[in-house]
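Here is the structure we will look at.
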Amino acid sequence: STLMRSSAASDVYKRQELQRQMRLSKRLETIVKQAALVCGGEAAADVGTDHGFVPIRLIEEGAADRVIAMDVRKGPLERAKEHVIQFGMEAQIETRLSDGLEKLMPGEAKTVIIAGMGGELMLRILREGSHVRKEIRHWILSPQSELSLFRHGLEELGLTIIREEMVEEDGKYYTILTAEPGQMHYEKEADYRYGALLIEAKSPVLAELLERELIQYRQILEHLERQEKEGARLRAAQIQEEIRQVEEARNAMQTVD
């Protein structure tokens with residue numbers, strides 16, 4: 001009896017410890033929140049699952065009834081599998097070794113999450129996932145870089161952004177967006193770069209990023225303008241275009257509705 005109590009207490013401690021480790025970053029919390037809005041309790045897939053914390057949270061919250069946790073690397077997938085077992089969710093979460101969407105079969109998921117990668121790599125995953133792309137109702141996407149290129153890429157793939165959030169964490173800025181099949185086109189390049197929906201919503205986090213970028217670009221321009229080299233002149237022209245886009249986005253956010 002004492003042994004059973006000790007074992008139960010140990011299990012409780014382990015779970016509490018795991019819950020503590022599993023405190024999601026602001027970015028991952030936003031990803032879970034956006035996924036929960038569209039999953040509707042149906043099956044989801046998490047590409048590049050890493051520790052498997054997002055699928056566990058989706059099951060915990062009842063946002064999805066089944067999640068396929070996929071990763072191209074064996075190490076993180078093994079860790080994800082261990083966490084799934086520790087939470088007793090083997091029946092609801094399947095771990096699968098897969099390069100992008102390669103091993104996802106048509107009809108297995110209605111929502112797909114792809115996060116924590118560069119925009120170019122994410123576009124490659126989306127393009128190479130054409131065998132399931134028509135089946136997916138919603139995409140939860142969080143590119144780490146090349147956001148302008150990424151939004152243009154979504155437009156070319158026939159996907160439209162329906163929701164965007166930006167969060168700041170440890171001095172870094174992350175964009176989390178929800179996309180679905182549909183037509184999208186923005187008039188201004190600043191909308192592709194910074195997100196038309198974020199500009200429209202006057203996102204305070206985006207406003208903070210724009211101010212920071214403006215200071216940095218002006219400092220770089222000042223430095224370049226003191227140089228005589230042709231390369232510096234060309235770079236200065238590029239920086240002036242960057243400043244123009246930042247100011248365009250900032251001005252759009254400052255207009256009164």
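In this structure the side chain of K74 reaches within 4.5 angstrom of the side chain of L97, judged on heavy atoms. At a threshold of 4.5 Å between non-hydrogen side-chain atoms, the residues H83 and I56 count as touching. By the 4.5 Å heavy-atom criterion applied to side chains, M166 and L209 are counted as neighbours. Between L198 and V205 the shortest side-chain heavy-atom distance does not fall below 4.5 Å. The closest side-chain heavy-atom distance from E222 to Q219 is not below 4.5 Å. Using a 4.5 Å heavy-atom threshold, the side chains of I113 and V47 count as separate. Residues L104 and M70 are in side-chain contact: their nearest non-hydrogen atoms beyond the backbone lie under 4.5 Å apart. Side-chain contact check for M89 versus E60: some heavy-atom pair is nearer than 4.5 Å.
Under a 3.5 Å cut-off, the side chain of E135 and the backbone N or O of G107 do form a donor-acceptor pair. When atom types are taken as modelled, the side chain of R96 and the backbone of D71 share no donor-acceptor pair closer than 3.5 angstrom. Counting only distance, with no hydrogens or angles, the side chain of T49 and the backbone of A69 share no donor-acceptor pair below 3.5 Å. No side-chain donor-acceptor contact under 3.5 Å links Q227 to the backbone of A232.
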- request: Begin with the C-alpha distance, continue with both residues' side-chain angles, and end with the deciding distance and a verdict on salt bridge (Lys or Arg N to Asp or Glu O under 4.0 Å) for E248 and R244.
  value: CA-CA 6 Å; E248 187 172 57; R244 190 194 65 74; 3.7 Å; yes
Intermediate values then yes/no, side chain to side chain contact (heavy atoms under 4.5 Å, CB included), R66 and I59: CA-CA 7 Å; R66 181 168 183 267; I59 296 294; 5.6 Å; no
Run E164 and R151 through salt bridge (Lys or Arg N to Asp or Glu O under 4.0 Å) and show every step you take. CA-CA 12 Å; E164 283 208 47; R151 291 187 183 97; 2.9 Å; yes
Any chance you could lay out the salt bridge (Lys or Arg N to Asp or Glu O under 4.0 Å) test for R137 and E42, step after step, and finish with the verdict? CA-CA 11 Å; R137 285 197 202 131; E42 293 188 316; 2.7 Å; yes
- Test side-chain hydrogen bond (donor to acceptor under 3.5 Å, both in side chains) on E189 and S148 and set out the steps. CA-CA 8 Å; E189 187 52 38; S148 174; 2.5 Å; yes
Check: Step by step, would you call R57 with E29 a side chain to side chain contact (heavy atoms under 4.5 Å, CB included)?
Finding: CA-CA 9 Å; R57 184 61 65 84; E29 283 289 3; 2.9 Å; yes
Next on the checklist: Before you tell me yes or no, could you show the steps for R127 and L157 under side chain to side chain contact (heavy atoms under 4.5 Å, CB included), namely the whole-Å CA-CA distance, both residues' side-chain angles and the distance that decides it to 0.1 Å?
Outcome noted: CA-CA 8 Å; R127 289 188 188 112; L157 286 166; 3.9 Å; yes
- Message: Does E128 form a side chain to side chain contact (heavy atoms under 4.5 Å, CB included) with R124? I'd like the steps, not just the answer.
- Response: CA-CA 6 Å; E128 289 176 3; R124 176 181 74 77; 2.7 Å; yes
Take E169 and K172, measure what salt bridge (Lys or Arg N to Asp or Glu O under 4.0 Å) needs, and give me the verdict at the end.
-> CA-CA 5 Å; E169 197 161 34; K172 290 182 180 173; over 6 Å; no
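Side-chain contact, Q34 with T178: a donor N or O sits under 3.5 Å from an acceptor N or O. Counted by atom type alone, Q240 and Y217 present zero donor-acceptor pairs between their side chains at under 3.5 Å. With 3.5 Å as the limit, one finds no donor-acceptor pair spanning the side chains of Q238 and E242. For the residue pair T160/Q183, the side-chain donor-acceptor check at 3.5 Å is not satisfied.
Taking every heavy atom of both residues into account, I176 and S142 meet most closely at CG1-OG, 3.7 Å. Closest non-hydrogen pair, L154 versus A179, comes out as CD1-CB, 4.5 Å. Here the closest non-hydrogen pair linking A115 and R27 is CB-NH1, 3.8 Å. The heavy-atom pair separating L58 from A36 by the smallest distance is CD2-N, 4.4 Å. Residue G119 comes nearest to P143 through the heavy atom pair CA-CB, 3.9 Å, listed as atom of the first residue, atom of the second, then distance. Residue I243 comes nearest to L214 through the heavy atom pair CG2-CD1, 4.0 Å, listed as atom of the first residue, atom of the second, then distance.
The salt bridge (Lys or Arg N to Asp or Glu O under 4.0 Å) search around E187 returns none, not counting sequence neighbours.
Rounded to the nearest 0.5 angstrom, Q254 CD and E247 CD are separated by 10.0 Å. The CE atom of M117 lies 13.0 Å from the CD atom of E146; values are rounded to the nearest 0.5 Å. In this structure, CE in M253 is found 5.5 Å from OG in S203, a value given to the nearest 0.5 Å. Here the CZ-CG distance, from R226 to L221, works out to 10.5 Å after rounding to the nearest 0.5 Å. Rounded to the nearest 0.5 angstrom, L126 CG and L121 CG are separated by 10.0 Å. In this structure, the separation between CD on E180 and OG1 on T111 is 11.0 Å, given to the nearest 0.5 Å.
V132 and V67 fall into different hydrophobic clusters, where Ile, Leu, Val, Met, Phe, Trp and Tyr residues are linked whenever their side-chain heavy atoms come under 4.5 Å apart, directly or through other members. Both V38 and L28 are part of a single hydrophobic cluster, where members link through side-chain heavy atoms under 4.5 Å apart. Hydrophobic clustering, with ILVMFWY side chains joined whenever heavy atoms are under 4.5 angstrom apart, groups M184 together with L177. Residue L159 is not grouped with residue I31 when hydrophobic side chains (ILVMFWY) are merged at heavy-atom distances under 4.5 angstrom, including chains of intermediate members. No continuous path of ILVMFWY side-chain contacts below 4.5 Å connects L149 to Y194, so the two sit in separate hydrophobic clusters.
Salt-bridge formation is detected for the pair R233/E230: a Lys NZ or Arg NE/NH1/NH2 atom is positioned less than 4.0 Å from an Asp or Glu carboxylate oxygen.
Within the structure, every pair that satisfies the salt bridge (charged side-chain N to carboxylate O under 4.0 Å, His left out) test and touches residues 43-52, not counting sequence neighbours, is listed here: D50-R73. For the ring pair (Phe, Tyr, Trp, His ring centres under 6.0 Å) condition, the pairs that include at least one residue of residues 145-164, sequence neighbours left out, are H152-Y192.
Within 6.0 Å of NE2 on H131 lie more than 12 heavy atoms contributed by other residues, nucleotides or ligands. Within a 6.0 Å sphere centred on CD of E90, heavy atoms belonging to other residues, nucleotides or ligands number more than 12. Within a 6.0 Å radius of NZ in K110, more than 12 heavy atoms belonging to other residues, nucleotides or ligands are found.
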